[in-house]
Amino acid sequence: MERGHTVLDYTIVEEEEELWQEDDGDHDGWFCVRTDPFPCPADGCTFVAEFMTAAHLILVWQEVDDPNLLRHAARARDVGRNPRVTGYRSEYGPSASYYAWIAAGRPVHGVKTSA
C-alpha cells in the first residue's frame, strides 16, 4: 500500500481580497519586503510584483524585526529574488497587514497548475 497525495490539475483563483484588506489601509511607516521583479504565478495574469505580495497587495509588518517578515525575506533570498526590507509608502501600491492576511486564511490570487 502507498501513501496518497493531492495533485492540483486546475488553477484556483480567489477574489476575496475585500475580506482581509478592510482595515484602515494606512500602512505608511510599516515595513515590507522589496524584491527583484517577479511574475504572478496565476495562469494568464500579467501582474509583475516588486514586493512580497498576496493577491497583488503588498504585505506589511509593523516591526522591522518581526520574525515573520524576516522569514519571508529569507525565503525570497533563497529563491534569488534579492529581498530588501524597506519602509512601506502608499505610493508603492495597495497594502495589507500580514497578520490580517493570515487571519483571513491566507487568500491568494492564483495557484500554478501542476504538471
Side-chain angles (χ1 to χ4, degrees):
M1 219 179 253
E2 289 183 38
R3 202 174 183 163
H5 63 280
T6 302
V7 177
L8 288 176
D9 59 355
Y10 55 91
T11 300
I12 300 168
V13 177
E14 295 186 15
E15 298 294 337
E16 298 180 12
E17 298 165 19
E18 304 82 33
L19 294 176
W20 57 283
Q21 76 179 68
E22 290 294 328
D23 56 22
D24 63 14
D26 182 13
H27 294 123
D28 284 353
W30 287 38
F31 298 91
C32 59
V33 180
R34 183 171 218 139
T35 67
D36 289 347
F38 63 97
C40 176
D43 286 340
C45 183
T46 60
F47 180 79
V48 176
E50 294 182 27
F51 297 88
M52 296 295 295
T53 62
H56 299 182
L57 298 172
I58 299 168
L59 292 174
V60 294
W61 291 262
Q62 284 185 293
E63 304 294 329
V64 71
D65 60 351
D66 184 299
N68 286 301
L69 179 152
L70 299 175
R71 183 173 52 84
H72 282 278
R75 288 173 64 194
R77 179 202 61 217
D78 293 345
V79 296
R81 289 192 180 147
N82 189 27
R84 285 114 32 224
V85 175
T86 187
Y88 170 79
R89 296 192 318 231
S90 57
E91 56 261 24
Y92 292 161
S95 63
S97 161
Y98 172 80
Y99 292 103
W101 174 65
I102 293 295
R106 301 171 17 165
V108 296
H109 170 68
V111 176
K112 285 185 181 180
T113 51
S114 64

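Treat the numbers as computed from the prediction; the structure is a model and nothing was measured. Side chains included, hydrogens not; waters and symmetry mates left out as well; all remaining heavy atoms used.
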Show the numbers, then the answer: is there a ring pair (Phe, Tyr, Trp, His ring centres under 6.0 Å) between Trp30 and Tyr88? CA-CA 5 Å; Trp30 287 38; Tyr88 170 79; 8.8 Å; no
Any chance you could lay out the side-chain contact (heavy atoms from CB on, under 4.5 Å) test for Tyr98 and His72, step after step, and finish with the verdict? CA-CA 11 Å; Tyr98 172 80; His72 282 278; 3.2 Å; yes
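With hydrophobic clusters built from ILVMFWY side chains whose heavy atoms lie under 4.5 angstrom apart, Phe38 does not share a cluster with Phe51. When the side chains of ILVMFWY residues are joined at heavy-atom separations under 4.5 Å, either directly or via intervening members, Ile102 and Leu69 end up in a single hydrophobic cluster. Hydrophobic cluster membership differs between Ile58 and Phe47, with clusters built from Ile, Leu, Val, Met, Phe, Trp and Tyr side chains linked at under 4.5 angstrom.
Residue Asp28 holds its CG atom at 7.0 Å from CD of Glu91, rounded to the nearest 0.5 Å. Atom OH of Tyr99 and atom CG of Leu59 lie 11.0 Å apart (nearest 0.5 Å). How far CD of Glu63 is from CG of Asn68: 12.5 Å, rounded to the nearest 0.5 Å.
Summarising the geometry of Trp101 relative to Ala54, their closest heavy-atom pair is NE1-CB, 3.3 Å, with the distance given to 0.1 Å. The minimum heavy-atom distance linking Ala73 with Pro83 is given by the pair O-CG, 3.1 Å. The heavy-atom pair separating Pro94 from Leu57 by the smallest distance is CB-CD2, 3.3 Å.
A heavy-atom distance below 4.5 Å is not found between the side chains of Asp66 and Phe31. Residues Val33 and Trp61 have side chains in contact (heavy-atom distance under 4.5 Å, counting atoms from C-beta outward). When side chains are defined from C-beta on, Cys32 does not count as touching His27, because their heavy atoms never get closer than 4.5 Å.
Side-chain N or O atoms of Arg84 include one that pairs as donor or acceptor with a backbone N or O of Asn82 at under 3.5 Å.
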